[in-house]
Amino acid sequence: MIPTLASSITTISTVNGIKTGPDPDNQPVVMALIKGMSSALIMMSVMAMTMTAMLNSAHADGCTLPKSYYKNVSCTNDSRYFLAVKDSGAPVALIDNAGKKVVDLSRYQKVDTTKIAEGLLPVQRANKVGYVNMQGREVVPAVYDVLLDEAGSTGWARPVREGRIIVQKNGKYGVITTGNKVIVPFSADITSIDDYQGGRVQVNNRSKGTLWLDKQGKVSKTAGKSNNNAAQSSKAPTSSSATRANTTANPSTGNQSQPFTMLYPHQQDGRWGFVDDKKVTMITYSFDEVMPFSEGLAGVRVANNWGFVNLGGELVIPFRFSDKGVDKDGRYRGAKPFTFKNGKAWIGSLKNGGKLCINKDGTNVGCD
């Protein structure tokens with residue numbers, strides 16, 4: 001490269017007082033220029049290699065990007081999905097580990113892939129917030145305000161927690177389900193809401209002070225008790241998107257049970273959801289496959305993994321059980337896989353023929 005550079009400098013017309021042609025008087029000046037330019041080129045090459053190494057290191061420390069025809073790809077907080085964007089940073093699609101598009105995001109101005117939770121991704125369109133599932137369905141319409149964190153900078157969306165989402169509408173806080181049903185009405189009196197934990201959420205209210213609400217938006221009488229008790233109470237099926245489906249009373253109250261309406265699997269446009277006995281959709285069509293409800297829970301599959309929802313449509317046990325782990329035609333104590341019976345569900349098989357089960361907490365337990 002240096003001989004070529006020298007040749008170029010010694011044959012061009014007068015530049016900075018240097019004569020054209022191979023004049024010996026010009027050689028010291030020419031060589032000085034060459035030396036300076038070479039040093040600059042070497043420095044630029046070192047910087048480029050350093051940046052490349054840093055980027056490669058960052059990828060190696062975080063995740064391995066799949067091969068795809070997308071130019072700009074980055075990791076998300078879910079190891080199954082990656083975000084493809086334009087040079088401008090505008091979202092294009094979520095892709096899988098094989099580099100194939102699974103969710104088209106081109107109609108959104110922003111997405112937050114650090115907050116994928118319970119199968120939903122926060123999205124922004126026309127400066128309004130909504131949520132899409134991993135099949136690309138906008139299950140929570142983009143009608144909510146962009147959120148601001150306590151520092152006043154744009155954080156713009158909350159992740160799903162225990163089937164609940166903290167949102168704002170017209171500047172007022174509220175809580176909705178993943179089926180877009182309002183649980184805590186929007187109120188200007190609410191100054192802040194924490195995320196749900198153990199079936200409870202802390203709400204700061206101008207007129208009522210600090211309140212603890214349960215997953216139905218009712219004032220909790222168990223606030224301050226042990227996390228164990230709170231967690232146990234949160235396991236009961238709720239009525240967030242299936243009011244008539246979950247009408248059994250709490251035995252501890254002494255109230256008598258009301259009539260119970262069962263939910264049934266139903267398919268629409270290639271997706272599965274659940275309807276009541278009047279064919280009213282109670283849990284949206286968000287799943288690739290489902291099992292019937294049993295003991296208040298139903299196995300549901302998205303892509304290659306199974307999880308469990310309750311009668312309110314809330315994902316109470318995450319998608320973490322492989323579809324390849326069981327024989328769909330097999331039975332455990334007469335029950336199909338991913339179906340609860342006597343408090344246990346068969347979710348996998350061992351090489352020796354043994355079975356793997358979970359309880360209603362999602363904890364691995366012995367099947368027998």
Side-chain angles (χ1 to χ4, degrees), residues 41 44-142 146 154-160 178 267-273 284-290 300-307 315 318-325:
L41 288 170
M44 291 173 64
S45 298
V46 171
M47 290 175 65
M49 288 188 291
T50 302
M51 289 298 295
T52 301
M54 290 173 64
L55 289 172
N56 290 338
S57 176
H59 288 315
D61 291 342
C63 68
T64 302
L65 299 178
K67 294 181 179 179
S68 72
Y69 65 82
Y70 294 100
K71 179 180 177 182
N72 307 304
V73 178
S74 61
C75 302
T76 73
N77 70 334
D78 188 319
S79 60
R80 297 172 297 174
Y81 303 106
F82 304 85
L83 177 64
V85 301
K86 298 178 181 179
D87 288 340
S88 63
V92 175
L94 279 184
I95 63 176
D96 60 17
N97 287 291
K100 296 181 180 180
K101 180 172 71 174
V102 292
V103 179
D104 184 358
L105 299 173
S106 58
R107 60 178 174 152
Y108 299 109
Q109 66 189 95
K110 290 182 181 179
V111 299
D112 191 344
T113 56
T114 68
K115 295 177 181 175
I116 298 175
E118 299 183 24
L120 296 187
L121 166 68
V123 296
Q124 194 177 141
R125 183 178 67 247
N127 297 318
K128 291 294 182 179
V129 175
Y131 293 78
V132 298
N133 63 19
M134 296 299 102
Q135 290 76 48
R137 195 175 188 128
E138 194 173 288
V139 294
V140 174
V146 171
T154 303
W156 76 261
R158 294 274 194 97
V160 181
T178 53
Q267 190 176 32
Q268 179 176 296
D269 299 328
R271 302 292 182 189
W272 286 89
T284 57
Y285 299 93
S286 303
F287 311 107
D288 295 318
E289 186 179 359
V290 299
V300 293
R301 180 175 64 83
V302 171
N304 296 321
N305 292 294
W306 287 81
L315 185 68
F319 296 103
R320 59 187 180 88
F321 308 109
S322 173
D323 185 47
K324 300 177 181 179

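Numbers for residues simply follow the sequence, beginning at 1. FYI, side chains are in, hydrogens and waters are out, and symmetry mates aren't considered; it's all heavy atoms of this structure.
- For Q109, the side chain to side chain donor-acceptor pair (under 3.5 Å) criterion is met by N127, not counting sequence neighbours.
- For the pair L105 and L121, the minimum side-chain heavy-atom distance is below 4.5 Å.
- Partners of R137 under the salt bridge (charged side-chain N to carboxylate O under 4.0 Å, His left out) rule, at least two apart in sequence or in another chain, do not exist in this structure.
- Partners of R80 by salt bridge (charged side-chain N to carboxylate O under 4.0 Å, His left out), not counting sequence neighbours, listed by chain and number: D78.
- The shortest non-hydrogen separation linking Y70 to A93 is OH-CB, 4.2 Å.
- A donor-acceptor pair under 3.5 Å is formed between the side chain of T76 and the backbone N or O of Y81.
- Between V123 and V111 the shortest heavy-atom distance is CG1-CG1, 3.7 Å.
- Between P66 and G99, the shortest heavy-atom contact is CB-N, 3.9 Å.
- Considering only heavy atoms from C-beta on, T113 stays 4.5 Å or farther from F82 through its side chain.
- Not counting sequence neighbours, the partners of T114 by the side chain to side chain contact (heavy atoms under 4.5 Å, CB included) test are D112.
- With sequence neighbours left out, S106 forms a side chain to side chain contact (heavy atoms under 4.5 Å, CB included) with D104.
- In this structure, N72 CG and K86 NZ are separated by 11.5 Å, a value rounded to the nearest 0.5 Å.
- Residues satisfying the side chain to side chain donor-acceptor pair (under 3.5 Å) test with D269, not counting sequence neighbours, are none.
- Judged by distance alone, with hydrogens and angles left aside, the side-chain atoms of K115 form a donor-acceptor pair with the main-chain N or O of A157 at under 3.5 Å.
- Atoms CG and CZ, on L315 and F287 in that order, are 7.5 Å from each other to the nearest 0.5 Å.
- Scanning both residues, V290 and W272, for their nearest heavy atoms gives CG1-CB, 3.7 Å.
- Residues satisfying the side chain to side chain contact (heavy atoms under 4.5 Å, CB included) test with A303, not counting sequence neighbours, are none.
- Here E289 pairs with R301, K328 under the side chain to side chain donor-acceptor pair (under 3.5 Å) rule; sequence neighbours left out.
- Side-chain contact between V129 and V146: present, with at least one pair of heavy atoms (C-beta onward) separated by less than 4.5 Å.
- R125 meets the side chain to side chain donor-acceptor pair (under 3.5 Å) test with E138; sequence neighbours excluded.
- Under the salt bridge (charged side-chain N to carboxylate O under 4.0 Å, His left out) criterion, K67 pairs with no residue at all, not counting sequence neighbours.
- Not a single ring-ring contact (aromatic ring centres under 6.0 Å, His included) links Y108 to another residue, sequence neighbours left out.
- Here the closest non-hydrogen pair linking L65 and C75 is CD2-SG, 3.7 Å.
- Screening residues 90-101 for side chain to side chain donor-acceptor pair (under 3.5 Å), with sequence neighbours left out, gives no hits.
- Residues I116 and M134 approach most closely at CG2-CE, 4.4 Å, considering heavy atoms.
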